[in-house]
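Here is the structure we will look at.
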Protein chains: 4
Amino acid sequence: MEHERIESDRQGPGRPRSEEAHTAILTASIDLIRDVGYDAVTMEGIAARAGVGKATVYRRWKSREALVVEAIGRIVAAVPDPDTGSTRGDLLALMTATLRMYEDPASAALLSGLVAAMARSAPIADAVRTGFVGIREEAVRRVLRRGMARGDLRQDVDLELALHLLHGPMFYRFLITGGPVDAALATDCVDTVLRTFAPDGSAGEHSADGGRG
Amino acid sequence: MEHERIESDRQGPGRPRSEEAHTAILTASIDLIRDVGYDAVTMEGIAARAGVGKATVYRRWKSREALVVEAIGRIVAAVPDPDTGSTRGDLLALMTATLRMYEDPASAALLSGLVAAMARSAPIADAVRTGFVGIREEAVRRVLRRGMARGDLRQDVDLELALHLLHGPMFYRFLITGGPVDAALATDCVDTVLRTFAPDGSAGEHSADGGRG
Amino acid sequence: MEHERIESDRQGPGRPRSEEAHTAILTASIDLIRDVGYDAVTMEGIAARAGVGKATVYRRWKSREALVVEAIGRIVAAVPDPDTGSTRGDLLALMTATLRMYEDPASAALLSGLVAAMARSAPIADAVRTGFVGIREEAVRRVLRRGMARGDLRQDVDLELALHLLHGPMFYRFLITGGPVDAALATDCVDTVLRTFAPDGSAGEHSADGGRG
Amino acid sequence: MEHERIESDRQGPGRPRSEEAHTAILTASIDLIRDVGYDAVTMEGIAARAGVGKATVYRRWKSREALVVEAIGRIVAAVPDPDTGSTRGDLLALMTATLRMYEDPASAALLSGLVAAMARSAPIADAVRTGFVGIREEAVRRVLRRGMARGDLRQDVDLELALHLLHGPMFYRFLITGGPVDAALATDCVDTVLRTFAPDGSAGEHSADGGRG
DNA sequence: TCCTAAGCGAGACGGTACGTCCAGTCTTCGT
DNA sequence: ACGAAGACTGGACGTACCGTCTCGCTTAGGA
């Protein structure tokens, strides 16, 4: 998440960085994204709105993307670790959390910007993969492993394929088709995974219709 | 596609517009998107690379977006309309064509640039959707409808879901996880779709293993 | 004088440079030097005061120094070439003209600014020497040569020494002691020069008292 | 000389100021003037070169000028009080001491900077007048008064005019014409003063040629 | 032997100006 | 009336210093 965040954890010499300024900058960033849109957000504008010098912004984040990543990270960072008793319930809970990210305009704007940044910058891509995406993927893996242990799924589930089947379609719809990223799509993806990796003797237990109708 | 293109079809008085200049500008745009990415493309840079005055660019397109939209239209590559006899063969043929796009470094760079552009510009997003993506999706729909007619698939296939299950995972891997977009993934997706929408009496006809081993 | 001026005499293609902008920039520069002093003059301030973009300033002058040098050139006031019939009268006329420069608050402020600029910039110093000071010195030399020809002065007058004796004390008082730069001082300097370089047989013709009492 | 020096003579409670830091700052200042020139000297650079915090510099001097004045004061402070037996010898001794100041590059750079500072700051101007200039002027007055008592000069010497005739020309040459401030000029000035204020019966005792040839 | 006060190096703070780049518009000349 | 060339105003970029303000840490004198 802090992919380009300039770290300074240890308390070295010198005046410590102001947490006030930090917060003011992040708040200003979010406000500006919401007010004028991601493209119109400038470092100069953020500094001015936050009542902060430009150098204070650059001291903490090397780029606008890095800053916005952290800003929005404050909103969408929480990823649940659901335990509803059924694999289907757990997966739906995770997907619903992800849905909320797509549905919130600010988060969606950030996500678009992140993808644009990832397309051109390997470091940003890595950071987003490990920080932003990684924790969501790990949550999915946890649920799937629990499902295998529980017997809801086959023992040889291809975790990576399942992951792609769950996240890929929503991502594609969000970025490419521009259609609604809604509960129906999420449910379809979950049921597709459940059917694909259903235990041998129970094919059809979760029918595609069962999840929607 | 020509959403913001400034038209001038009628042959008024004075020197007619140079078709050379037109082409040079579009070519320069595509080259620059490939080389430096959409964000780093500037009108100034396009004009310079095309050996053209800035006013000449603005005279024809009123924004960078409008220009890029038209440039994209020029590179909508031909998409095959395979008829191998089986739905699985047809889908694999389509996916293989798409694969080649991801695998070719130049195409991949362009694709990244397009996504970045889409993320920042609704008109570009629309243009890419209807032009670039649309023809690929239509090819998939044709194959799926033929499969339904042929009896390879259920009669009530959710075309949109199928489409997302086919393209989403590859797209996600390409942009987000950065992993290999290869035949294995393509085959898994095809088989997932075939199983999900298999006719009622023939579940398991195409096993996931069968498509890979 | 145009030491760092960026030349563009030939009329190439493209929009010609605006003479309006040029004048506005120079005027703004002079005004600002007068108002806030050389050190406090900034390119940003000049551009703002002139109602001009910064790039327009930098397109014409590479540096603040280069700009100020040309601005100075514009204010090289006319220097009289008096011919009162006597060397003493001519010198007093020249010194009175110089006096007016010291006495006028605006000119004095500008002069201070120039000296400050000269102390920090060799190119500016050169420009002031040749453009501002030079013509005044040449006027003094003309009068002295005429005095030598007329027989008011010795034939071997050390022109440079005379020049320093005339201008040095007033300059010193203006900048260093801060005392009044008045007619009394000017007259004393003139008479000192006349006595120092009086023809051999006429020492004391112009007594120091004679010029004041 | 310590015009803006911040005093702290009394030994209050708390840690006393480090004489090491003091010396390091002054040394760093002189080194930097010599190395990069007065213009390029920054408080930040001085502190860094001295291995000292910026606050330590500002605690002692409130401006760059104040600091540099003291720094160079350590070199050029001494003014002789010559007694060679003749007024001419005494004046030449004083002027030679002043000459050395103009000839030393570091001192000359400081002098330029001081004039620039004086041109804009009354407090600095006053401080330089009373400190830097004052002690030199007082030395000249002492010598002239001794000359009057001795009978080398008239009893009604205009001390201020004499002072201006001695220092003005050198100062003018240094700042304005940029020519050499050398012994020849100094001697000419001294002899001009001696002739101007020679006792009534002894005009020409010190001819201009006598002082040079 | 602690306490208090002021010093210390370090470096972050809100700012200002730098010199560059590009946006989008506006002239000029030559074709 | 087009073309290219390039100047125009405007404004964001990322950097360097400004002079001030904390930090944690000495380093003294007085309690």
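Chain A is the first sequence line, chain B the second, and so forth, proteins listed ahead of strands; every chain is numbered from 1. Computed from a predicted model, the values in this text were never measured in an experiment.
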Practice item. Would you check, one step at a time, whether the test side-chain contact (heavy atoms from CB on, under 4.5 Å) holds for V68(C) with W61(C)? Key: CA-CA 9 Å; V68(C) 171; W61(C) 297 277; over 6 Å; no

Exercise for review: Walk me through it: do R60(B) and H22(B) pass the test side chain to side chain donor-acceptor pair (under 3.5 Å)?
Suggested key: CA-CA 8 Å; R60(B) 293 153 189 270; H22(B) 202 91; 2.8 Å; yes

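One atom, CD of E19(A), and another, P of dC23(F), lie 13 Å apart when rounded to the nearest Å. Taking atom CZ of R60(D) as the reference point, atom P of dG19(F) lies 18 Å away to the nearest angstrom. Regarding R17(A), its CZ atom lies at a distance of 13 Å from the C1' atom of dA10(E), rounded to whole Å. The nearest whole Å value for the distance from the CG atom in L67(C) to the P atom in dA17(E) is 16 Å. Remark: P of dT16(E) and CG of L32(C) are 17 Å apart, rounded to the nearest angstrom. Summarising the geometry, the separation between CD1 on I46(B) and P on dA4(F) is reported as 14 Å, rounded to the nearest angstrom. One interatomic measurement links the two molecules: CD1 of I25(B) to C1' of dA4(F), which rounds to 11 Å at whole-angstrom precision.
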Under 3.5 Å, which N/O atoms of the protein pair with N/O atoms of nucleotides 18-24 of chain E?
from    : atom 1 : to     : atom 2 : distance (Å)
dC18(E) : OP1    : M43(C) : N      : 2.6
dC18(E) : OP2    : M43(C) : N      : 3.2
dC18(E) : OP2    : E44(C) : N      : 2.6
dG19(E) : OP2    : Y58(C) : OH     : 2.4
dG19(E) : O5'    : Y58(C) : OH     : 3.3
dG19(E) : N7     : K54(C) : NZ     : 2.9
dG19(E) : O6     : K54(C) : NZ     : 2.7
dA23(E) : OP1    : M43(B) : N      : 2.9
dA23(E) : OP2    : M43(B) : N      : 3.3
dA23(E) : OP2    : E44(B) : N      : 3.0
dG24(E) : OP2    : Y58(B) : OH     : 3.3
dG24(E) : N7     : K54(B) : NZ     : 3.1
dG24(E) : O6     : K54(B) : NZ     : 2.8

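In this structure, I124(B) and A117(B) approach most closely via the heavy-atom pair CG2-CB, 3.8 Å.
Comparing A50(D) and G51(A), the nucleotide of DNA chain E nearest to each residue sits closer to the 5' end for A50(D).
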Practice item. Give the B/S/- string for nucleotides 24-31 of chain F, one per nucleotide from 5' to 3', where a protein heavy atom under 4.0 Å of the base yields B, of only the sugar-phosphate yields S, and otherwise -. Key: --BB----

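Contact annotation: T56(A) reaches the phosphate of dC13(E) (side-chain N/O to OP1 or OP2, under 4.0 Å).
Residues E65(A) and Y38(A) are in side-chain contact: their nearest non-hydrogen atoms beyond the backbone lie under 4.5 Å apart. Put simply, the side chain of T42(B) does not reach to within 4.5 Å of the side chain of L32(B), judged on heavy atoms.
Between the side chain of T56(C) and the backbone N or O of V52(C) there is no donor-acceptor pair closer than 3.5 Å. A donor-acceptor pair under 3.5 Å links the side-chain atoms of T27(B) to the main chain of T23(B), judged by distance alone. Panel note: side chain R64(A), backbone V41(A); a donor-acceptor pair is recorded below 3.5 Å.
Counting only residues at least two apart or in different chains, salt bridge (charged side-chain N to carboxylate O under 4.0 Å, His left out) contacts with residues 20-33 of chain D comprise D31(D)-R49(D).
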